[in-house]
Amino acid sequence: MSEVRVRFAPSPTGKLHIGGARTAIYNWAFARATGGTFVLRIEDTDPERSTKENIDLIIRAMRWLGLDWDEGPHIGGDYGPYMQTERFDTYAEALEQLKASGNVYPCFCTSEELAARREAVQAGAANEPDPCRSLSHEEAQKRIDAGEPHVWRLKVPEDRGTIVVHDIIHGDAEFDAALMDDMILVRSDGTPTYNFAVVCDDVNMKMTHIIRGDDHLSNTPRQVLVYEALGYPTPTFAHLPMICGPDGKKLSKRHGAASVEEYRDMGYLPDALFNYLALLGWAPDGETTLFTREQMAKLFTLERISKNPSSLDYDKLEWINSQYIQQMGAAAFVDTLAPYLIEAGYAADETGVEALRSRLEAIYPLVNERVKLMTEAVPMIAYLLDDSIELDEKSVEKVLRKEGKGAKTALVEAAAVLEDCPWTVEGIEAALRGLCEKLEAKPKFVFQPIRVAVCGNMVSPPLFESIELLDRGVVEQRLRAAAELAVD
RNA sequence: GUCCCCAUCGUCUAGCGGUUAGGACGUCGGCCCUUCAAGCCGAAGAUCGCGGGUUCGAAUCCCGCUGGGGGCGCCA
């Protein structure tokens, strides 16, 4: 078997869509699993909607996800260029070949005529062959020479019969060629249409497998016709089921996040999003849910891709994200936290973050089981970073100002007890537990006021560990300040 | 309208002729406990969309129906 070559071919009309991201992941995984080549090709033939910025955005999002490719824009390769707008000569060449072999013909119909015909057909009228198809060579040439605008259409062979699309995921799908109209290959402005450009590129770039969205399945028989007209064997197809929103409907802005960037901004880790997306439509077995890119690259097969469309489940994504945060380790945590710290003003730049590194790494074990989204981290640890803190109003009401609970006494006594205890988690815990006994109070009535005083909230990371990470003076000051507000 | 695709707990899925239909997220309950989490234990939750076949036996194979999705662009 010849070497596997696959590609991800986004059109830069927007950011990297979540569905596109998964397509890219599967292509990547298949290439890595088979020792094949993964190609990135930019389909920018639509000048109206394609932008340079989007190309950068897509490439950056792919890198962020941890994807790498063997050939593509910037890095080159043996089958470049990898932007369709730079490959126009190859399409022109292909068109000449098709003209010579008589597989195409010029069509002079206007867009209006076409639209009217299309409407008639969709309303139930019989699908008539394009009138230009029967124009004589001479007549057609005369009109071309006269400068009449025309497109080039593919001539569907009359006796083509059934077109079978071999798809690894869906099996064989059969289409009747008689129902297929002569699609436009080259527009009147000379540019190739999508269906023509893809086939030319996939042929010239020697693609062996086409892994793409389900939405292309119905277009595939048309493309097969182009392969045949060009005289090339068709590659193997794998059409991925669509990804829907949580409500099972098509993904749109209404459902929130449609682009990879948005997920990044919401605080998802690239490893987690990768893992989740990989799992959306593919499973290594019935058990495994957490795996790395490397593991997927070993286990991936197209045969195990699911046929049914899947709905996004943010709860599961979030759970996967929390699993990764829990296990990522202190160093990686600080690295990914850096931009958030800078944005929140805790550091001016990367260097500033480095100055805080050891402290942040010490904080990690207190929050790694609590942070589900990276966006939650900074607010959660602010009380360990700021000199002064603001007490949560609700917590003050429910814990410090609650009469009959002895909050004020607990705070005053705690300040005293912490004055000379060993400043270790054990020392602090011993001192405060001793205080509970001395006051004959349930731990809850001693610890909660202290928590509010020190952490600013009745809900917080572990208390003794938090205190240990703060300076003794700061803790005392917070306890005294809170005692002022508290009642017994 | 027409062609194509799809159909297992709420969600993602395992299953590929014989299983008590398995797992994960979520949900609910319990343990732990100074809060929130995490962790551990347990439970509920799927007459495998419906109806016909084939077969000793069907979630698995065949046909029909229904429901959902997609294509039918000088968009990709």
Side-chain angles (χ1 to χ4, degrees), chain A residues 9-13 43-46 48-50 84 107 109-111 114-115 118 121-125 127 149-153 165 167 169-171 173-176 179-181 183-195 197-198 213-222 239 241-242 244 246 248-250 276 279-290 304 306-320 322 326 367-372 380 395 399 429 432-433 436 442-452 455 457-464:
Chain A
S11 78
T13 55
E43 312 220 317
D44 55 350
T45 49
D46 181 3
E48 296 287 313
R49 303 193 296 149
S50 301
Q84 287 191 325
C107 169
C109 299
T110 64
S111 313
L114 261 28
R118 192 161 46 238
V121 168
Q122 284 188 24
N127 199 0
H150 60 283
V151 300
W152 287 91
R153 288 182 182 276
V165 174
D167 188 292
I169 298 170
H170 295 283
E174 298 187 353
F175 298 83
D176 185 357
L179 265 23
M180 227 76 67
D181 47 10
M183 68 167 168
I184 296 174
L185 261 29
V186 176
R187 302 184 187 109
S188 51
D189 65 359
T191 60
T193 58
Y194 166 77
N195 281 308
V198 206
D214 235 351
D215 48 342
H216 289 286
L217 185 54
S218 296
N219 275 325
T220 305
R222 293 164 217 285
H239 285 97
M242 301 273 89
C244 303
K249 298 231 174 69
K250 196 179 172 183
Y276 177 72
L279 217 43
L280 210 55
W282 176 80
D285 52 57
E287 313 287 300
T288 313
T289 57
L290 263 18
R304 288 197 67 84
S306 162
K307 289 180 183 183
N308 24 343
S310 42
S311 302
L312 290 171
D313 179 358
Y314 294 118
D315 286 332
K316 187 157 184 174
L317 207 208
E318 196 170 291
W319 176 80
I320 289 179
S322 71
Q326 210 174 129
V367 298
N368 78 112
E369 288 171 358
R370 278 160 252 264
V371 175
K372 297 196 184 313
M380 193 181 285
S395 299
V399 178
E429 176 164 7
L432 294 177
R433 288 207 187 277
C436 293
K442 276 177 142 176
K444 186 175 162 183
F445 297 115
V446 175
F447 296 155
Q448 281 301 80
I450 298 175
R451 182 187 305 282
V452 174
C455 308
N457 199 298
M458 58 196 285
V459 175
S460 82
L463 185 56
F464 308 133

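Not measured: the values here are computed from a predicted model. Chain A is the first sequence line, chain B the second, and so forth, proteins listed ahead of strands; every chain is numbered from 1.
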A:Tyr314/A:Tyr276 aromatic ring centres below 6.0 Å: no

A:Asn308 has a side chain; which of B:U13, B:G71, B:A76 sits nearest to it? B:U13

A:Lys250 vs B:G68: side-chain N/O to OP1/OP2 distance below 4.0 Å: no

Of all the nucleotides listed (B:A37, B:C25, B:C5), which has the minimum atom distance to the side chain of A:Arg370? B:A37

Taking only the side-chain nitrogens and oxygens of A:His170, find out if one of them lies under 4.0 Å from OP1 or OP2 of B:C6. yes

Let's test your reading of the model: under 3.5 Å, does the base of B:C74 pair with the side chain of A:Ser188 as donor and acceptor? yes

Phosphate OP1/OP2 of B:U13: any A:Arg304 side-chain N/O under 4.0 Å: no

Considering only side-chain heavy atoms of A:Asp315, which listed nucleotide, B:C74, B:U35, B:C25, is closest? B:C25

Looking only at side-chain N and O atoms, does A:Ser311 come under 4.0 Å of OP1 or OP2 in B:C12? yes

Does B:A76 have OP1 or OP2 under 4.0 Å away from a side-chain N or O of A:Thr45? yes

Below 4.0 Å: OP1/OP2 of B:C74 and any side-chain N or O of A:Arg118: yes

Does the side chain of A:Thr288 pick up a donor-acceptor pair with the side chain of A:Asp285 at under 3.5 Å? yes

Examine the side chains of A:Thr193 and A:Asn195 and answer whether a donor and an acceptor come within less than 3.5 Å of each other. no

Looking only at the side chain of A:Tyr194 (C-beta and beyond, no hydrogens), which of the listed nucleotides B:A24, B:A76, B:C5 gets closest? B:A76

Thinking salt bridges, do A:Asp214 and A:Lys307 make one under a 4.0 Å N-O criterion? no

